[in-house]
Amino acid sequence: MKVRLVLFAYLVVISAVSFGQETKDNSTSSDTIKKIVVLEAYLKDDSKPIEAFMNVEKDTRNLSVEIEVSLEKGRVRIEMYDPKGKKGKKDLVFDARHNSGNLIKLTPKKSTPESSPFIIGSLSIVQRKPKNGKWRIKLVPEKATGKVQISYSCSSK
């Protein structure tokens, strides 16, 4: 249990630090725009799919997408589409019933009917030489309760 609390504290500190920073690279070889939050959703059992868009300019070298998920129950699927409408090879799935990959399952110290386990996870995706234009992100909740935040940043030349 102590290990879980330490991991939770570590995730909270890292998340707080990363959300409070603006990314800017002052070197001559790269120019990174600040992180832009494109979606922040608070989910309930009956939440419908939500779409958000990311604008990727010409000459973008890297597109970095960050996803933060906190689920009490249910599951969330995230789909990405390039500007031509082509869907990414794999959907990202966060499921409160399974502890896998970048997800950590945390159980409250004293379990009561009101305090159920929840999942916290984060994931970063980097797309090298992305197509320029309007990228679409689709969030598909399946009887999910929790919060999802998606942000992105781009670097050029």
ILVMFWY network linking [X] to [Y], side-chain heavy atoms under 4.5 angstrom:
X      : Y     : result
Val69  : Tyr42 : no
Val56  : Phe53 : no
Val76  : Ile50 : yes
Tyr81  : Ile36 : no
Val126 : Leu92 : no

pair [X]-[Y]: side-chain heavy atoms closer than 4.5 Å:
X      : Y      : result
Val38  : Val65  : no
Tyr152 : Ser64  : no
Leu39  : Ile137 : no
Leu43  : Thr145 : no
Lys147 : Glu40  : yes
Glu57  : Asn132 : no
Lys73  : Asp45  : yes
Val37  : Gln149 : yes

| field | The single option from Lys87, Lys131, Arg136 passing side chain to side chain donor-acceptor pair (under 3.5 Å) against Asp82 | value | Lys131
Measure the spacing between [atom1] of [X] and [atom2] of [Y] and express it to the nearest 0.5 Å.
X      : Y      : atom1 : atom2 : value
Leu63  : Ser153 : CG    : OG    : 7.5 Å
Lys143 : Asp46  : NZ    : CG    : 11.0 Å
Asn62  : Arg128 : CG    : CZ    : 5.0 Å
Glu68  : Ile150 : CD    : CD1   : 10.5 Å

Which atom names give the shortest non-hydrogen contact between [X] and [Y], and what distance separates them?
X      : Y      : answer
Ser47  : Pro141 : O-CG, 3.5 Å
Trp135 : Pro83  : NE1-CD, 3.4 Å
Pro130 : Arg61  : CD-O, 3.6 Å
Lys35  : Ser151 : CD-OG, 3.0 Å
Thr60  : Cys154 : CG2-CB, 3.8 Å

| task | For side-chain contact (heavy atoms from CB on, under 4.5 Å), just list the numbers for Ile78 and Leu123, CA-CA rounded to whole Å, side-chain angles, deciding distance to a tenth of an Å, and then say yes or no. | result | CA-CA 11 Å; Ile78 299 171; Leu123 183 65; over 6 Å; no
